[in-house]
Amino acid sequence: MKLCMIGAGYVGLVSGACFSDLGNSVICVDSNLKKINDLKNGIIPIYEPGLEELVKKNYKVGRIKFTNDLKHAVISSDIIFICVGTPTKRNSFQADLSQIYKVTKDIRKHIKKFKIIITKSTVPITTGDKIEKIILEKKARKLFAVVSNPEFLREGEAIRDFMYPDRIIIGTNNKKANNLLKNLYDPIIKRGRKYLNTSRRGAELIKYASNAFLATKISYINEISNLCEKTGVDIEDVSIGMGLDQRIGSRFLRAGPGYGGSCFPKDTRALIGTAEKYNTSLSIVKSTIKSNDQRQKILFNRVKKILKNKINNKKITFLGVTFKANTDDMRESLSLKLIPKLHKLGGKISYYDPSGKKECFEKYKNVHFFNKISLACEKSDLIILHTEWNEFKNLNFKKLIKKKNFIIYDLRNVYSHKKMISNKINYYGIGV
Ligand code: UGA
């Protein structure tokens with residue numbers, strides 16, 4: 001099938017590369033000419049395991065193309081995926097849909113024969129209705145169908161999540177569109193993956209409700225971990241014990257630094273924004289947001305307590321600064337809050353992250369990037385294991401730090417508390 005992805009960002013690029021690998025002809029459109037030229041030269045703008053290989057392989061055989069010519073892309077495609085950003089509006093809980101409506105108008109100009117126009121970006125309920133209304137102002141209803149097909153990709157696992165999703169959600173009551181999309185997804189459905197056709201508004205809400213639920217699950221276990229710390233219970237026992245109940249499930253029950261990234265914080269806020277518009281209380285999601293905000297303060301206070309309030313001149317090393325492993329994404333990462341606060345109190349911060357140096361820390365005099373774990377850790381007073389990259393999972397801290405009386409604060413519970421204590425390492429984890 002002939003597809004076009006409008007927006008060659010995270011969602012558009014990963015989905016485009018995967019669709020092309022499934023044998024479709026894909027054009028990725030982006031207004032950023034540098035990005036397009038880079039992509040043509042095999043330079044991938046984001047860090048996502050496996051993506052570079054997939055893009056290069058399919059570009060070589062001409063199944064994926066990159067352009068800033070939206071007109072040509074729309075005219076030559078049957079299915080158009082809108083994959084532009086939907087950030088939170090400034091000082092508000094509403095999603096900013098300006099990019100969605102702009103590209104809708106751009107697409108509208110070039111609709112001459114039947115097109116399926118799909119929102120893959122996360123968009124609030126009724127966005128599809130509005131897109132349809134905008135197109136109907138100039139084009140006949142029979143020329144197009146507007147469908148919601150939310151994506152559930154996780155950064156760092158995006159290709160596997162695309163190829164082996166738990167479910168494919170198609171929100172439309174247009175039979176022709178539904179049949180075509182079932183064909184498009186057939187290679188994935190054949191792997192035993194679920195395909196669910198719902199109303200368009202239903203699909204839009206499934207995405208937000210899922211992300212907000214997962215965020216709530218994380219905040220819940222994080223709050224339970226606070227109780228564990230006060231009562232001498234190990235949170236790992238609790239997560240495993242709860243997760244064995246199939247009604248609860250074990251995934252997303254890992255206590256840690258709180259959820260970050262480009263999705264959960266933005267989507268929980270936007271869901272509240274939508275609920276308020278319809279005079280509905282989503283008090284649970286509001287509490288989740290509040291709980292996640294408080295998490296930063298709780299962990300900062302714990303760091304201060306661990307260092308007995310003596311931060312000045314202490315060497316503090318961050319292992320990992322991204323919001324999670326296998327991504328270079330810093331958005332809403334706890335390190336963005338913790339590092340400046342510790343720096344302000346006179347801490348000398350060093351950090352290492354497999355995804356490299358971060359521009360956001362360059363303005364701080366005493367925050368330094370090291371390109372080796374050993375250099376970052378040498379003579380440290382406190383190591384904060386912030387992100388669960390694989391290369392942090394088997395470290396010999398005594399050898400690395402070369403100093404007595406160092407402390408480890410493991411925000412991901414990568415190490416066993418018991419083992420660390422029996423090795424006479426001053427170790428703190430989450431919920432222990
Ligand atoms: C999330 C969803 O998992 C995807 O299904 C969705 O498609 C995506 O948002 C999106 O809306 O685009 P992502 O933000 O990439 O994906 O990352 P997750 O793996 O879900 O992690 C989100 C945050 O929760 C991270 O900060 C992570 O460290 C934290 N987390 C996750 C925990 O603290 N504990 C857990 O058990 C799981």
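In what follows, residues are counted from 1 in the order of the sequence shown. Computed from a predicted model, the values in this text were never measured in an experiment. Each ligand, and each atom within it, is numbered from 1 in the order the structure gives.
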Is there a donor in the side chain of [X] and an acceptor in the side chain of [Y], or the other way round, less than 3.5 Å apart?
{"X": "Thr126", "Y": "Lys130", "result": "yes"}
{"X": "Thr67", "Y": "Asp69", "result": "no"}
{"X": "Thr317", "Y": "Ser350", "result": "yes"}

Under the side chain to side chain contact (heavy atoms under 4.5 Å, CB included) criterion, do Phe66 and Met5 qualify, and how do the steps go? CA-CA 10 Å; Phe66 302 103; Met5 322 302 293; over 6 Å; no

Who are the residue neighbours of ligand 1 when the rule is a heavy atom under 4.0 Å from any of its atoms?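 The 4.0 Å shell around ligand 1 contains Glu151, Phe152, Leu153, Arg154, Glu155, Lys207, Asn211, Ile218, Phe252, Leu253, Arg254, Gly258, Tyr259, Gly260, Cys263, Phe264, Asp267, Phe323, Lys324, Arg412.
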
Using a 6.0 Å distance limit plus a 45 degree cone around the ring axis, check whether Arg167 lies over the aromatic ring of Phe152.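 Arg167 over Phe152 ring: yes.
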
Ring pair (Phe, Tyr, Trp, His ring centres under 6.0 Å) between His417 and Tyr427, worked out: CA-CA 7 Å; His417 183 238; Tyr427 172 89; 5.8 Å; yes

